[in-house]
Amino acid sequence: MSVLTSEVDILRRVPLFSGIEAPKLKLLAFTSKLVRYEASEVLFRQGDPGDSAFVILSGQAVVIADTPGGEIEIARLGETDFVGEIGILCDMPRTATVRAVTNVKALRIGKDCLVELLENFPSIGLSMLRGLALRLSRTTAELVEYRSHDA
Amino acid sequence: MAESLYSYVWRHTRRQQLWMLLVVLLSIPFLYVSLDLPKAIINGPIQGEGFEAGATTLPTYLRTTVPLPDGWFGLDEIVLFPGVQLDRMQALFILSGLFLAFVVINGAFKFYINIYKGRLGERMLRRLRYEMVDRLLRFPIRQFRQLRPPEVASMIKDELEPIGGFIGDAFVTPLFLMSQVLTSMVFIFVQSFTLGLVALAVTGLQIIVIPKMRRRLLVLGRERQLTARQLSGRIGEIIDGIASVHANDTSNFERAGISADLGHIFLIRFDIYQWKFFVKFLNNFLSQATPFIFYLFGGYFAITGQLDIGQLVAVIAAYRELPSPLKDLIDWDLARLDVAVKYDQVIEQFDIKGISDAALQAPVHGDVESLSGSFVLHGISTRDDAGTRLLEDVSVELPLTERTAAYGMIGDGAGQLAEILARLNAPTNGEVLLADRPLKSYGEATTGRRIAYAEATPFYPQSTLRDALLYPLKRRPVAAVPRSAGKRERLAQLETLAAGNSPLDPRDEWVDFKAAGASSAAELERRIAEVLKIVMLERDVQRFGLAASVPPEYQSRMAEPILHARVAFREQLAAAGMGAYVEPFDPARYMNNAGILENVVFGAARSSDAETTWMLTRSHVRQILQALGLVEPFLAIGREIAATMVDLFGDLEPGSPLLRRITIMRPEELATYRQILSRTDGKSFDEIADADRLPLIRLAFNYVEPRDRLGLLDDALRQRIVEARATFQENATAEIEGAIAFHEAGAYNPAASIQDNVLFGRIAQDMANAAEAVEQRLLQTLGALGLSELVQKAGLRYDLGSGAKRLSLAQQQKLGLARGILKSPDYLIANRCLSALDADTQGKIIAATLRRSRDPDRPFGTFWVLSGADQASMFERFVEFKDGRLVNDRKIEQSQPASALAAE
């Protein structure tokens with residue numbers, strides 16, 4: 001029915017948020033900002049301070065790294081992809097640039113907002129921690145595999 | 001100050017107390033005479049005494065004498081007034097008239113004394129409060145760690161109040177009451193010595209016995225409080241230990257304990273009742289039984305002719321006058337006890353060791369010489385209250401012209417040293433010299449003006465950004481603001497002096513622009529722009545400025561330039577292909593990026609007090625809505641919003657920062673809307689009461705679709721709202737037109753914000769890059785037209801909110817540094833003052849600050865406690881602290897890479 005509900009539906013499908021109860025996701029969605037980008041507009045630029053993370057609600061975006069050898073495309077992002085979360089958790093500048101390929105609709109989750117949510121509901125922190133840990137173990141497994149192939 | 005209440009009061013109000021005493025003494029003869037008159041009236045004209053047939057001379061009235069015992073100096077009495085002879089009717093009229101006159105005179109005396117007393121009390125209350133705050137300002141800084149602000153505030157505000165009220169009563173009331181008692185008493189004695197003895201005995205009993213009994217009541221009251229506290233403790237223990245009660249079958253033991261406690265409380269409370277009513281009984285009995293004695297013995301004397309009837313009536317009347325002053329006297333004594341205890345308690349809190357000398361803070365008019373030389377520290381050690389070592393034997397010389405970077409983990413000593421240099425902390429051991437003089441010997445006028453301090457958690461009271469920024473320049477009034485010398489004004493000045501308060505007036509001009517290195521007020525604006533740029537607060541201020549309306553002093557000449565800017569901006573935006581970023585004001589279209597009410601009203605509030613304007617408008621808007629049948633759909637929208645908000649935020653603790661995320665209502669309104677929802681649940685539109693409709697409609701009025709995203713508007717409704725807009729404008733009353741400036745294409749709107757005026761539209765809220773890009777172009781356009789200063793001035797009018805809640809911590813820190821730089825110090829002490837910023841921004845601000853510090857006209861040195869060692873390369877010297885010790889101190893070659901500096 002409302003825009004908010006459809007946003008929550010998408011948030012629920014983001015792996016990092018999968019363990020969070022619906023009412024809290026709704027709060028997260030409401031306290032975030034809905035933003036639209038036209039094709040080729042930039043969500044954020046490499047080296048910018050990381051002050052927010054994005055959940056892509058619709059459209060396509062591309063992650064690009066600026067290297068001395070020119071731009072390298074690292075990944076493509078679509079619906080339910082979560083990007084920029086490292087920046088807001090670790091207070092690091094952006095490590096890559098994200099640019100819209102088509103018209104993009106996204107939820108921008110501000111750093112302060114996420115921190116306040118985490119302080120109020122430690123359970124959100126726990127399930128995000130679990131999501132991050134899962135991701136880490138997957139990365140580690142991939143690394144092990146990669147190394148063993150290498151050897 | 002640790003003196004008793006009475007010596008304090010005497011010291012400050014001696015003269016006034018004596019004057020009041022004099023007035024009281026003056027009033028006594030009048031009181032006496034007014035007691036004496038009824039006797040003369042009854043005995044004389046009424047009963048005809050002295051007018052008997054055959055009497056050859058008329059009786060003499062108003063003969064006033066002072067009797068002398070045993071014919072001193074050969075006289076029986078001293079004649080004050082020989083009296084006049086009157087006939088019976090004349091006597092009745094004149095004596096009765098005199099009686100009335102004396103009643104008026106006595107009343108006037110009472111009135112005068114009460115007013116005088118009240119004023120004296122208020123004055124002393126003012127003095128006491130002022131002295132407490134004055135002392136607070138001189139407290140050693142470490143004392144503030146132990147203070148709880150609400151406690152101190154309530155001591156000054158509430159606890160001193162009864163003391164102030166009592167001060168007027170301190171001397172005069174007992175004397176006044178006593179004089180009344182004595183007058184009555186003497187009067188009775190003069191009439192009849194025996195009856196006088198009786199009255200004296202009874203009064204003595206009352207004065208001695210009853211206060212004693214009342215004091216016992218106070219003691220009992222305190223006991224009752226203690227036992228009640230014990231009881232609640234015991235109940236708490238039972239609840240906490242309920243598991244062991246059940247597990248051990250000890251519930252009956254607990255019951256017995258409670259029973260014993262309650263019994264104890266009962267006995268005390270019963271005792272209190274007994275005493276209370278016994279005292280009451282005794283008091284009443286004594287005052288009511290005495291007339292019995294007067295009737296009996298007085299009657300006996302009268303019948304036997306030793307006393308005439310007039311005398312008896314007068315005695316009884318005089319005795320009736322006795323109980324009320326007597327009771328007041330006893331009450332006064334109780335109040336005295338109570339107030340003396342309160343006073344001692346408050347004074348104890350403010351009588352602190354190490355309070356600084358008032359001379360160090362004395363206002364210094366004129367300029368303070370620049371400092372030169374160095375800070376020299378010899379063997380500095382400090383410990384915190386728990387005795388933990390914070391700094392250990394630090395000796396260092398810091399020339400005031402040098403830019404020093406200090407580094408160390410938090411608690412390792414760099415921050416503590418910064419606090420010592422800024423005089424916010426005194427070392428436990430060692431000596432700090434500034435320009436060869438002990439630091440503590442300087443008046444605050446020198447250190448406060450010539451040394452700047454910026455910290456990580458600056459505090460700002462509620463004020464405008466401008467006031468916060470210029471705060472350090474307000475050291476003394478630099479120019480008097482002329483004020484009409486009205487009666488009130490003179491009285492205020494007089495009272496200020498009488499209460500020993502500061503005669504400086506905050507309404508004068510305090511901003512000392514010369515202290516900021518500016519030669520005129522206009523140049524001060526440029527200085528402000530300069531520091532805002534250094535601390536990278538420029539953009540924020542400009543953004544605030546865009547959202548504000550044109551400051552009043554610019555209003556008259558802004559219409560044309562702003563319209564100019566509007567055209568230029570439109571062209572620029574179109575050229576850049578950013579047309580979609582702005583939704584223009586179009587009378588025929590619904591504005592998605594504005595609230596519903598704004599869509600109907602389609603204008604801006606003229607008054608700065610927007611709330612009242614909206615209140616006024618709302619009712620007009622509602623009439624229009626009623627006529628157009630829009631109330632029902634809006635009510636539904638309001639209900640939907642309320643339900644969503646209660647659903648989202650209803651479970652949060654009050655005060656949770658998440659509540660600030662509610663944009664559509666105030667967080668404290670959540671509870672109200674929850675009640676409204678439950679009242680209106682399931683009711684049809686017609687059944688909902690007006691009182692519930694209004695808040696719901698108000699909620700709907702605030703709804704902005706792209707912001708709140710609840711999907712509550714469809715095209716049909718939008719169309720109807722646009723129609724309502726036209727109807728509203730057509731039917732606008734003069735009152736509405738006075739309150740609202742409508743948006744009109746091609747016209748400047750003095751009430752709208754600068755941004756609304758130039759854009760003549762709204763930034764699309766959901767276009768992510770729109771705000772940034774539009775603002776930037778907007779500022780460019782305004783800058784090109786020479787309107788930057790206007791934007792800055794408007795931005796500086798931004799209200800910080802209480803505790804600067806409307807600024808982020810990063811902005812607060814930037815502001816703190818900005819005002820440190822603005823005062824053109826000789827030395828800047830920065831204590832992790834940018835910690836909330838990312839490292840990159842910190843580096844940029846430090847670099848800009850250091851550039852400014854090398855300005856040959858107004859150079860300053862600095863002691864900068866860094867958050868990270870990387871930024872040290874920009875400084876000339878690097879000192880590092882570890883465990884309270886100085887472990888590294890070296891000069892920096894400007895080109896040396898930063899990474900080589902940290903000791904690790």
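Order of the sequence lines sets the chain letters (A, B, ...), proteins ahead of strands, with each chain counted from 1. Heavy atoms only: backbone and side chains are in, while hydrogens, waters and symmetry mates are out.
Looking at A:Lys33, the atoms closer than 4.5 Å to chain B (heavy atoms on both sides) sit in the backbone and in the side chain alike. Looking at A:Val42, the atoms closer than 4.5 Å to chain B (heavy atoms on both sides) all sit in the backbone: N, CA, C or O. When heavy atoms are compared at a cutoff of 4.5 Å, A:Leu117 approaches chain B by way of both its backbone and its side chain. At a 4.5 Å heavy-atom cutoff, the contact between B:Ala580 and chain A is made by side-chain atoms alone. Both the backbone and the side chain of A:Phe30 come within less than 4.5 Å of a heavy atom of chain B. With a threshold of 4.5 angstrom between heavy atoms, B:Asp651 does not approach chain A through any atom at all. Interface remark: A:Asp112 contributes backbone and side-chain atoms alike to the contact with chain B (heavy atom separation under 4.5 Å).
Nearest heavy atoms, A:Ser32 versus B:Arg709: O-NH1, 3.2 Å.
More than 12 heavy atoms of other residues, nucleotides or ligands sit less than 6.0 Å from atom NZ of A:Lys24. The number of heavy-atom neighbours closer than 6.0 Å to CZ of A:Arg99, taken from other residues, nucleotides and ligands shown, is 12 or below. For A:Arg45, the CZ atom is loosely surrounded, since the number of other residues' heavy atoms within 6.0 Å does not exceed 12. Other residues, nucleotides and ligands contribute only 12 or fewer heavy atoms inside 6.0 Å of the CD1 atom of B:Ile410.
At least one side-chain heavy atom of B:Leu648 sits less than 4.5 Å from a side-chain heavy atom of A:Lys26. A 4.5 Å side-chain heavy-atom check between A:Leu34 and B:Gln765 finds every atom pair outside the cut-off. Taking the side chain as every heavy atom from C-beta outward, A:Phe121 and B:Leu652 approach each other to under 4.5 Å.
Between A:Glu116 atom CD and B:Leu659 atom CG the span is 9.5 Å, to the nearest 0.5 Å.
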Mind running side-chain contact (heavy atoms from CB on, under 4.5 Å) on B:Asp766 and A:Tyr37 for me, showing each step along the way?
-> CA-CA 9 Å; B:Asp766 53 346; A:Tyr37 295 90; over 6 Å; no

